[in-house]
Number of protein chains: 2
Amino acid sequence: METEPELPLALRAAYLALHRKTDARFTKLDVTADQFVLLTALSDGQVLTQRELAGRISSDPSTVRAMLVLLERKGFVKRDVHPTDLRAKAVSLTTVGKRMQKKLWKAGQPIRDEMYRCMSPDEADVLVTLLCKMACVLSDVSVPVQAPSKR
Amino acid sequence: METEPELPLALRAAYLALHRKTDARFTKLDVTADQFVLLTALSDGQVLTQRELAGRISSDPSTVRAMLVLLERKGFVKRDVHPTDLRAKAVSLTTVGKRMQKKLWKAGQPIRDEMYRCMSPDEADVLVTLLCKMACVLSDVSVPVQAPSKR
DNA sequence: TATTGTTATACTCTATAACTATA
DNA sequence: TATAGTTATAGAGTATAACAATA
C-alpha cells in the first residue's frame with residue numbers, strides 16, 4: 001500500500017488534542033479555545049481591524065465577525081470606529097476582556113507546560129520553525145507568527 | 001507582556017493552513033478534508049468499528065457517526081454487522097469509496113510534497129516524533145499514529 | 001476600482017446526555 | 001456492569017456571494 005500520511009496525520013492529532021484539551025479546560029469559563037486565541041491576539045493592548053485579526057488567528061473575516069458578535073455579547077471585546085479608515089473597525093479588549101484573557105492564559109499554562117515538557121528547548125525551536133515554514137508555504141501567504149519568544 | 005503562545009499558535013497555523021488547502025483542493029470532488037482523513041483510515045482494506053475509527057482520526061463516536069452517514073449517502077463507505085460483536089459495526093470502504101480515496105490521495109500529493117519540501121528528511125522525522133509525543137501527552141491516552149513510514 | 005465589513009445562508013464538525021442492545 | 005452505537009439537540013466555526021459604505 002502506498003499509504004503514508006504520517007506528517008499530516010501527526011499534525012492533525014497534535015492540533016486536535018491541544019484544541020480539545022484547551023476547550024475542556026475553558027468550559028467552566030464559557031469560552032472556547034478559538035475564542036481564547038482571538039482574545040489573546042488582542043491581549044497586549046493590541047488594536048486590530050477585523051481583517052488583521054483574521055490573519056493573526058488563521059481565520060477569515062466572516063468567521064471573525066461571527067466570533068466577535070459572541071464575544072461582544074459577553075462583554076469581552078469592543079469595536080470602535082477606526083481612527084483613520086471609516087470603513088474599518090478598531091477591535092480591542094474591554095477591561096473585562098483583559099481580565100478574562102489573563103485568567104484564561106493562566107488556566108491554560110499547565111497545557112503549554114505539558115507541551116514543552118515533551119521536548120528540549122532546542123527541539124522546541126526546531127518544531128516552531130518548521131511549523132511556521134509549513135504554515136507559510138501552505139498559505140501561499142505571509143507568516144502569521146508572533147514576536148520571538150523567551151523560551 | 002508575558003504573552004508567548006508560539007508553539008500553540010504555530011501548531012494552529014500549520015494545521016489550519018493544511019486543512020484549508022486540502023479542503024480547497026477537494027471542493028470539486030465534493031469531499032471535505034476531514035472526510036478524506038476518514039476514508040484514508042480505511043484505505044488499505046481496513047475494517048474498523050466506529051470507535052476505532054474515531055480514535056484513528058482524532059475524533060469521537062458521535063462525530064464519526066455523522067460523518068459516516070454523509071459518506072454512506074455518497075456511497076463511499078458501508079457498515080456491516082461486526083462478525084464477532086453484534087453491538088459493533090464493521091466499517092469499510094465500498095469499491096467506489098476505494099476509487100475515490102485513491103483519487104483524493106493523488107490530488108493531495110502536491111500538498112504533502114510542499115510540506116516535506118520545507119524540511120530535510122531528518123527534520124521531518126523529528127517533527128513527526130515531537131508531534132506524536134505532544135498528541136500523546138495532551139490526549140492522556142494512547143498513541144493515534146500509523147505504522148512507521150518509508151520517508 | 002478596490003477594500004472593509006455586513007448580511008444571509010448553509011453545511012460540517014463537535015459534543016453531551018439519554019437511550020437500546022448487546023457483552 | 002460496561003460497552004457500541006443511536007438519537008436528539010445544540011452550537012461553534014467555516015465559507016461563499018451579494019451588498020453598502022468608504023478609500
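Lettering follows sequence order; numbering is per chain, from 1. What you are looking at is a predicted structure, and each value in this text was computed from that prediction instead of being measured.
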Working for side chain to side chain donor-acceptor pair (under 3.5 Å), residues B/Q46 and B/S92: CA-CA 6 Å; B/Q46 289 270 319; B/S92 60; over 6 Å; no

Atom pair distance, as rounded to whole Å: CD1 in A/I57 and P in D/dA12: 15 Å

OP1 or OP2 of D/dA15 under 4.0 Å from side-chain N/O of B/R20: yes

A/L16 CG - C/dC13 P separation (whole Å): 12 Å

Nucleotide C/dT12, atom P - distance to CG of B/L70 in whole Å: 5 Å

Spacing of B/M67 atom CE relative to C/dA15 atom P, expressed in whole Å: 12 Å

Between D/dG11 (P) and A/D34 (CG): distance, integer Å: 17 Å

Sugar-phosphate, base or nothing in reach of A/S62, heavy atoms under 4.0 Å: base

Check against side-chain contact (heavy atoms from CB on, under 4.5 Å), A/Q50 and A/R79: CA-CA 9 Å; A/Q50 300 188 185; A/R79 292 186 283 172; 2.9 Å; yes

Rounded interatomic separation in angstrom, taking CD from A/Q35 and P from D/dG11: 13 Å

Ion pair B/R25/B/D23, N-O distance below 4.0 Å: no

Touch class at under 4.0 angstrom, heavy-atom based, for B/T63 against every strand present: base

Contact nearer the 5' end of DNA chain D, comparing A/L86 with A/A66: A/A66

Donor-acceptor pair between A/S43 and A/K98 side chains, under 3.5 angstrom: no

Presence of salt bridge, B/D60 and B/R65, under 4.0 angstrom: no

Residue closer to the 5' end of DNA chain C, B/D60 versus A/R79 (nearest nucleotide): A/R79

Distance below 4.0 Å between B/S59 side-chain N/O and C/dT14 OP1 or OP2: yes

For atom NE2 of A/H19 and atom C1' of D/dG13, their distance in whole Å: 9 Å

Below 4.0 Å: OP1/OP2 of D/dT16 and any side-chain N or O of A/R65: no

5'-most by nearest nucleotide on DNA chain D - B/A88 or A/R87: B/A88

Touch class at under 4.0 angstrom, heavy-atom based, for B/D23 against every strand present: nothing

Nearest-angstrom distance from the residue atom CD of A/Q50 to C1' of C/dT7: 13 Å

Of the listed nucleotides D/dA15, C/dA23, C/dT4, the one nearest the side chain of B/D85: C/dA23

